[in-house]
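Just so we're clear, the structure is a prediction, and the values are computed from it rather than from any experiment. We name chains A, B, ... by the order of the sequence lines, and we start the count at 1 in each one.
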Amino acid sequence: MDWLVVIPIGFLAGMVAGMFGVGGGVVFVPTLVFVLGLNQAEAEATSLLAIVPVAIVGSRRQFEYGNVRVRDGLWIGMLCVPGALGGAALANALPEKTLKVLFAGLLLYIAFRMARRASAAPADRDLNNS
Amino acid sequence: MIGITGGLFSGLFGVGGGAVMVPLLVLWRVFNEKLATGTSLLAIVIVAAWAVGGHAIFGSIDIVKGILIGIPAVGGVIAGTALQQRVSDRMLSGMFSVLLVVIAAIYVFE
């Protein structure tokens, strides 16, 4: 039964990723934790796995819309690697509750960003795009 | 710098890191928002792949569940990128931010 719920949620998470340029992880992780019962570190690891195809497809489409600087993207990605490995190690070392609280903090930060985006007047947003 | 921070967030939190990279790119006037969003998504492919590798060492990956969420999500991202070009995201951003606050609260108090 849980599995049936997961599929539309996965779809929605993908939509969020496509619309806001994120990997979808902020939706995947809570879904994996609350619907499928994974612990926080497992949920994060599994979500990363799901993110790879999502990001591949997403960036391909963004590329078609002309929104990608390929060399820069590749560079930034490569530079991320040590951070990513360190982060994975840290995630598996921290206690569950600590990781969860940190993740909640991340969610609030993203919520804040989203709220700002929602309240930006059209004129302000054009300035952003200049 | 952006890369390291993005990578850290990706590996630590299981997200793509874009939420950190995009505002930094825009803030430091490297790219405008659309370009930042698209470009960071490319970076995310690399980051997420490596972060998966990092987590794999600890054995915390559930492949079946990853696929269960990942495949419909790919469908979603196609729909989402199409919508992004057509629809104003202000209302969606607002709703999404509320949703995130709710989830965060569940996280802390559960």
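- Here the CG-CD1 distance, from L108(A) to I103(B), works out to 11.0 Å after rounding to the nearest 0.5 Å.
- The closest side-chain heavy-atom distance from S59(A) to V45(B) is below 4.5 Å.
- L48(A) is connected to I63(B) through a chain of hydrophobic side-chain contacts under 4.5 Å among Ile, Leu, Val, Met, Phe, Trp and Tyr, so both are in one cluster.
- Neither the backbone nor the side chain of L12(A) has a heavy atom closer than 4.5 Å to any heavy atom of chain B.
- Summarising the geometry, atom OG1 belonging to T46(A) is positioned 9.0 Å from atom NE2 belonging to H55(B); distances are rounded to the nearest 0.5 Å.
- For the atom pair CG (L42(B)) and CD (Q62(A)), the distance works out to 11.0 Å, reported to the nearest 0.5 Å.
- In this structure the side chain of K100(A) never reaches within 4.5 angstrom of the side chain of V108(B), judged on heavy atoms.
- When side chains are defined from C-beta on, R61(A) does not count as touching V77(B), because their heavy atoms never get closer than 4.5 Å.
- Counting only heavy atoms from C-beta outward, the side chains of I44(B) and I51(A) approach each other to under 4.5 Å.
- P53(A) pairs in a side chain to side chain contact (heavy atoms under 4.5 Å, CB included) with only one of the listed residues (I71(B), I67(B), V74(B)), which is V74(B).
- Side-chain contact between D62(B) and E42(A) is absent, with no heavy-atom pair separated by less than 4.5 Å.
- Interface remark: V98(B) contributes no atoms to any contact with chain A (heavy atom separation under 4.5 Å).
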